J.: 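My questions all concern the structure below.
Computed from a predicted structure; not experimentally measured.
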Protein chains: 2
Amino acid sequence: MSGNESCIVRHFKHYGPLSESDTKLLQALEKEPISGTSGQTLWEEGDKAGEICTIKSGWAYSYRNIDDGTRQVLDVFLPGDIVGLREFAFKERMSGIKLLTDSVICRFPHNHLIDIFRDSTKLTTIFFSISARQQTLLTERLVNLGRRNAFEKTAHLVYELYMRLKRTNPELGNSFELPLSQQIIADALGLSAVHVSRTFSELREENMICRERNHVTLLDIERLESVIGFSKAYLQEQDYLSYVS
Amino acid sequence: MSGNESCIVRHFKHYGPLSESDTKLLQALEKEPISGTSGQTLWEEGDKAGEICTIKSGWAYSYRNIDDGTRQVLDVFLPGDIVGLREFAFKERMSGIKLLTDSVICRFPHNHLIDIFRDSTKLTTIFFSISARQQTLLTERLVNLGRRNAFEKTAHLVYELYMRLKRTNPELGNSFELPLSQQIIADALGLSAVHVSRTFSELREENMICRERNHVTLLDIERLESVIGFSKAYLQEQDYLSYVS
DNA sequence: CGCATACTTGAGCCGAATCAATTGGCGTGG
DNA sequence: CCACGCCAATTGATTCGGCTCAAGTATGCG
């Protein structure tokens with residue numbers, strides 16, 4: 001039980017130490033892992049919503065289809081992330097989810113979440129923090145879509161993913177696998193795929209980001225941070241667990 | 001105690017009936033109301049974050065200043081809304097808040113929220129639902145900024161506010177006070193103020209929305225809904241409280 | 001080897017930005 | 001009651017970032 005720590009437990013420990021019983025409660029959420037393959041749809045907009053998922057391994061994204069045939073990518077999910085928290089308050093899915101790589105995921109029903117609210121103040125606090133953090137990421141993307149040009153948008157997306165990967169994997173170097181096609185990046189940034197291609201060329205010419213296939217290298221992190229107006233407040237996470245326990 | 005129901009209690013009862021003790025717990029959050037005047041800053045980006053606020057009356061908005069001198073409006077808050085949930089997980093404010101009208105607000109510290117997590121599963125569930133709902137509104141705005149043109153963006157913003165007002169005030173007709181300048185609307189939609197002006201002219205010519213001063217009238221709600229691809233899923237909120245109690 | 005999918009590159013166009021001048025409403029003070 | 005000034009909104013002229021359409025190049029897979 002000890003050595004083989006589940007992904008969600010690792011994710012939660014980011015917020016502070018967990019007691020034996022909390023760990024057990026959490027691990028109950030990750031039984032019955034399901035394997036999925038790249039491109040697979042987990043659910044679609046309008047499906048009944050009654051459970052959330054953890055991503056044990058792999059990448060996924062959520063999206064909304066627009067009437068005119070285009071779509072907006074809302075979120076990119078990485079290993080350890082929780083998917084579907086948004087719909088806790090709703091009966092239907094507000095967005096679809098597709099896998100970007102072969103993945104392993106665990107589903108658990110909203111009712112279990114409420115059981116946790118009843119049984120563990122500490123886990124409740126962490127779940128609430130995670131929901132708050134997701135909101136913060138969304139507002140950051142709002143800034144990205146509203147007030148930045150294509151160059152800054154693209155730099156920001158790559159940098160956000162880099163920071164999120166580094167958060168759970170501190171020894172990450174300055175390059176990583178990015179299983180997003182230019183079309184998906186375009187749909188996330190409100191651009192056309194053609195222009196995303198041009199923008200990556202520019203980022204390459206400026207010696208800031210090099211993307212080849214599904215692999216990106218950050219060539220000049222300092223300049224990246226200055227272009228996107230990076231603020232370290234991102235990292236200043238709160239620690240309430242001392243108060244809780 | 002009965003007749004004079006506080007705003008947050010009314011907001012929470014939207015999710016289901018509350019017990020005597022839950023109501024008391026909630027009301028404890030709304031003691032010491034503070035009056036503020038239009039234009040006042042509640043807090044700025046980078047300020048220490050340690051409390052959330054309820055808006056008893058009045059309107060407010062949150063924003064991020066961008067390096068190039070522009071800014072992005074992230075949220076518009078209406079009476080009964082909860083402000084600052086986003087920063088629960090962080091030590092600093094990620095965005096500033098300003099009042100749009102003279103308002104009455106109540107502050108309460110994050111620690112009290114955790115007390116509620118410990119003492120009431122029902123209120124915890126509601127708080128979690130509210131956080132989830134805020135996330136959903138943010139993703140809807142992401143679609144707005146990413147994949148709609150100025151005409152649709154503007155129609156959507158007005159319509160979103162209309163629906164949110166109507167949610168807590170069902171007998172609302174087809175017009176209401178909108179205390180947002182065209183500059184603020186521009187900052188919310190990622191447009192220039194000049195273009196917002198032109199867009200409202202267009203909406204007027206199309207007999208869809210009429211805005212004069214701070215008053216808007218929805219002239220053709222059906223056509224509005226079709227332009228922005230309105231989906232009723234917005235309204236299909238979940239009811240977990242039966243499970244909780 | 002051939003096909004499908006992803007990406008690149010060019011030409012022309014369009015929606016929204018910017019700059020600049022003007023109008024209108026409203027509060028203040030004479 | 002009018003003159004002044006401030007701010008919000010309108011209108012026009014011009015520019016520009018990113019889109020669309022279209023053709024061509026990799027790359028990977030059966």
J.: Is the shortest heavy-atom distance from the side chain of A:Leu191 to the side chain of A:Lys153 under 4.5 Å?
T.: yes
J.: Between P on C:dC7 and NE2 on A:His215, what's the gap in Å once rounded to a whole number?
T.: 15 Å
J.: Just how far, in rounded Å, is P of D:dA9 from CG of B:Leu203?
T.: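 Going from B:Leu203 (CG) to D:dA9 (P), I get 15 Å.
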J.: Are the aromatic rings of B:Tyr61 and B:Phe77 close, with centres under 6.0 Å apart?
T.: no
J.: Report the distance from atom CZ of A:Phe200 to atom P of C:dT8, rounded to the nearest whole Å.
T.: 9 Å
J.: Could you run down the sub-3.5 Å N/O contacts of the protein with nucleotides 16-20 of chain C?
T.:
| unit_1 | atom_1 | unit_2 | atom_2 | d |
| --- | --- | --- | --- | --- |
| C:dA16 | OP1 | B:Ala150 | N | 2.8 |
| C:dA17 | OP1 | B:Ser192 | N | 2.8 |
| C:dA17 | OP2 | B:Ser192 | N | 3.2 |
| C:dA17 | OP2 | B:Ser192 | OG | 2.9 |
| C:dT18 | O4 | B:Arg198 | NH2 | 3.1 |

J.: With a 3.5 Å cut-off and no angle check, do the side chains of A:Arg86 and A:Ser95 form a donor-acceptor pair?
T.: yes
J.: Without decimals, in angstroms, what is the distance between B:Arg213 CZ and D:dC7 P?
T.: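 Computing the B:Arg213:CZ to D:dC7:P distance gives 15 Å.
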J.: With respect to the phosphate group of D:dA9, does any side-chain polar atom (N or O) of B:Ser197 fall under 4.0 Å of OP1 or OP2?
T.: no
J.: Run through B:Ile55, B:Val83, B:Ile105 and flag the one making a side-chain contact (heavy atoms from CB on, under 4.5 Å) with B:Leu42.
T.: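 Exactly one pass, corresponding to B:Ile105.
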J.: Please check if any side-chain donor atom of B:Ser38 sits under 3.5 Å from a side-chain acceptor atom of B:Thr101, or the reverse.
T.: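 Absent: no donor and acceptor within the cut-off.
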J.: Without decimals, in angstroms, what is the distance between B:Glu212 CD and C:dG24 C1'?
T.: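 It works out to 14 Å between those atoms.
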J.: Under the criterion side-chain contact (heavy atoms from CB on, under 4.5 Å), which of A:His195, A:Arg211, A:Glu212 is the partner of A:Phe200?
T.: A:Arg211
J.: Indicate whether the side chain of A:Gln183 and that of A:Asp187 have a donor and an acceptor atom separated by less than 3.5 Å.
T.: yes
J.: Verify whether one side chain among B:Tyr63 and B:Gln72 offers a donor that lies under 3.5 Å from an acceptor in the other.
T.: no
J.: Do the non-hydrogen side-chain atoms of A:Asp81 and A:Arg164 ever get within less than 4.5 Å of each other?
T.: yes
J.: Measure the CE-CG distance between B:Met208 and B:Leu224 for me, rounded to the nearest 0.5 Å.
T.: 4.5 Å
J.: Within a strict 4.5 Å, meaning less than it, do heavy atoms of the B:Gln135 and B:Thr139 side chains meet?
T.: no
J.: If I take atom CG in residue A:Asn214 and atom P in nucleotide D:dA26, what distance separates them, rounded to the nearest angstrom?
T.: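 Distance, rounded to whole Å: 19 Å.
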J.: For the helix from C:dC1-D:dG30 to C:dG30-D:dC1, how many degrees between its two end axes (five pairs per end), to the nearest 10°?
T.: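 The end-segment axes of the helix from C:dC1-D:dG30 to C:dG30-D:dC1 are tilted 40° relative to each other.
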J.: Please list residues of residues 180-187 of chain A whose heavy atoms come under 4.0 Å from any atom in DNA chain C, ordered by number; otherwise none.
T.: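 The answer is A:Ser181, A:Gln182.
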